[in-house]
Amino acid sequence: MAVFTKTVALEANNKPIWYKRLIAHGFDILLLFLLSYLLYNLAFRTQIGPVQNANRYQTAMMEIEDDAKLQSGMGYKVVVQPGQEGGKLLHYDQVTHEYYIVGTTEYPSTEIQAEYKRIINAYPYYKDYTFYYQVNTYAVIITCGIILEFIFLVVIPLCNKKRATIGELMCGLQLISTKREDKAAWYQMVGRFLFIVVFESVAPFLIIGIWVVLAIPVITLIIRQFNKNNRSLCDFISFSRLIESKTFVPNNIETQEAIDAEISKIETNKEEQNSDNNAGK
């Protein structure tokens, strides 16, 4: 039984097949978020400035919250040994000489919840502690993200001839310059990185939160589907675009000059060889 297949001839510097870019982009995003999460947790095990500040403000917040829980009935004491606090704040009762943590009451009444909020709001510095805790936490998150995005979007692409990320390399994609029709230059990689960091990472995260950052890859994918060359905003800004690497055909003056010089050299060698052969006869 004959099986008929239809093949499609790709043009020079052909745009990526849509599902390849989807797979490449999705793989890069998942790997980036996983490594960012690991780096963030590793950073909070260190004693760098923002981490120390965040831990200090978090401890102050937890002390106020635990005190408000006990006063309002929102929480209760649980006697434990040092090392058994499980992420909660460890307290010491100077009367009973016992260590304890504060548990949260299950199904508290509306009155208890209202009293708890009133006591919390009565503390003059609680909102300040919360604000400074978030600022320092965001500083660590953003720093981890920028470091990894620089590695993913600049270092790795500049270390390979295709100027591609890990996911793009896996899917056979290549980044080229739209002006020179050759591989993207280093300053284009830096431009893409800066645009993505500012407008697709830091700003959305600070304004809305982590969920919008997760949604941005979907938004950029939709944008790519509505233009002829399958380009996103960062591609337009940096004058670059992704192509199928197997269709890459450089088309710049330097490359053409090099090709012409090589052809001329071959023809000269042939002429010299023919001259030598004729002289020998």
Side-chain angles (χ1 to χ4, degrees), residues 13 15-43 50 135 137-180 182-245:
N13 298 332
K15 68 179 183 180
I17 300 173
W18 69 270
Y19 63 82
K20 284 189 177 182
R21 186 150 194 177
L22 176 63
I23 294 172
H25 200 58
F27 179 84
D28 285 337
I29 291 296
L30 289 176
L31 187 59
L32 182 61
F33 270 95
L34 176 61
L35 293 178
S36 295
Y37 177 78
L38 294 175
L39 184 59
Y40 170 77
N41 282 278
L42 180 63
V135 167
T137 301
Y138 286 173
V140 177
I141 294 174
I142 290 171
T143 302
C144 292
I146 290 176
I147 291 172
L148 288 173
E149 285 186 340
F150 182 79
I151 294 172
F152 267 68
L153 301 175
V154 179
V155 176
I156 292 176
L158 288 178
C159 288
N160 65 80
K161 294 181 179 180
K162 295 181 180 180
R163 297 294 189 258
T165 62
I166 297 175
E168 291 163 358
L169 285 172
M170 290 174 52
C171 294
L173 306 183
Q174 180 170 348
L175 188 71
I176 66 171
S177 168
T178 57
K179 288 188 173 182
R180 298 180 296 109
D182 199 355
K183 65 181 182 180
W186 67 269
Y187 51 83
Q188 291 177 291
M189 309 305 304
V190 173
R192 286 168 61 86
F193 161 72
L194 293 176
F195 181 87
I196 291 173
V197 164
V198 175
F199 296 102
E200 296 186 8
S201 301
V202 175
F205 173 72
L206 292 177
I207 296 171
I208 300 177
I210 189 65
W211 296 112
V212 73
V213 178
L214 294 173
I216 281 179
V218 179
I219 296 172
T220 56
L221 182 64
I222 294 173
I223 292 173
R224 292 187 183 111
Q225 302 308 314
F226 284 93
N227 63 83
K228 183 174 66 174
N229 288 322
N230 198 5
R231 298 168 71 193
S232 63
L233 291 177
C234 69
D235 295 326
F236 284 106
I237 294 296
S238 61
F239 300 101
S240 62
R241 67 186 178 96
L242 275 176
I243 63 167
E244 293 278 347
S245 61

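Interatomic distance, OG of Ser245 versus CG of Leu173, reported as 7.0 Å (0.5 Å rounding). Put simply, CD1 on Ile146 and OG on Ser36 are 10.5 Å apart, with the number rounded to the nearest 0.5 Å. Taken from CD1 in Ile196 to OG in Ser238, the straight-line distance is 8.0 Å, to the nearest 0.5 Å. Between the CE atom in Met170 and the OG1 atom in Thr165 there is a gap of 10.0 Å [rounded to 0.5 Å]. The distance from atom CZ of Arg192 to atom OG of Ser232, rounded to the nearest 0.5 Å, is 6.0 Å. The distance from the CG atom of Leu153 to the CG atom of Leu175 is 10.5 Å, given to the nearest 0.5 Å.
A donor-acceptor contact shorter than 3.5 Å links the side chain of Thr178 to the backbone of Phe239.
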Problem set entry | Candidate pair Gln188 and Arg180, rule side chain to side chain contact (heavy atoms under 4.5 Å, CB included), full reasoning | CA-CA 12 Å; Gln188 291 177 291; Arg180 298 180 296 109; 3.8 Å; yes

For this session: Go through Leu38 and Leu42 one step at a time and tell me if the side chain to side chain contact (heavy atoms under 4.5 Å, CB included) criterion holds.
Result: CA-CA 6 Å; Leu38 294 175; Leu42 180 63; over 6 Å; no

For this session: Would you sort out whether Asn160 and Ile156 count as a side chain to side chain contact (heavy atoms under 4.5 Å, CB included), showing the intermediate values?
Result: CA-CA 7 Å; Asn160 65 80; Ile156 292 176; 4.2 Å; yes

Exercise. Do Val155 and Phe193 pass the side chain to side chain contact (heavy atoms under 4.5 Å, CB included) test, and can you show the C-alpha distance, the side-chain angles, and the key distance before you say yes or no?
Worked result: CA-CA 10 Å; Val155 176; Phe193 161 72; over 6 Å; no

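Here the shortest heavy-atom pairing between Pro50 and Val140 reads CB-CG2, 3.7 Å. Of all non-hydrogen atoms in Arg241 and Asn13, the two that sit nearest each other are NH1-O, 3.1 Å. Considering every non-hydrogen atom in both Cys144 and Ala43, the closest pair reads SG-CB, 4.2 Å. Lys183 and Arg163 get closest at one heavy-atom pair: CE-NH2, 3.9 Å.
Checked against Cys171 for a side-chain contact (heavy atoms from CB on, under 4.5 Å), the options Leu22, Ile166, Ile17, Ile23 give a single hit: Ile23. With Glu244 as reference, Lys20 is the one residue of Arg21, Lys20, Lys162 to meet the salt bridge (charged side-chain N to carboxylate O under 4.0 Å, His left out) rule.
Residues Thr137 and Tyr40 meet the side-chain proximity criterion, which asks for heavy atoms closer than 4.5 Å. Proximity of Leu233 to Phe199: side-chain heavy atoms (C-beta onward) are nowhere separated by under 4.5 Å. Leu34 places none of its side-chain heavy atoms less than 4.5 Å from the side chain of Leu30.
Partners of Phe236 under the side-chain contact (heavy atoms from CB on, under 4.5 Å) rule, at least two apart in sequence or in another chain, are Asn227, Arg231.
Between Lys15 and Asp235, none of the side-chain N atoms (NZ, or NE/NH1/NH2) sits under 4.0 Å from a carboxylate O, so this pair counts as no salt bridge.
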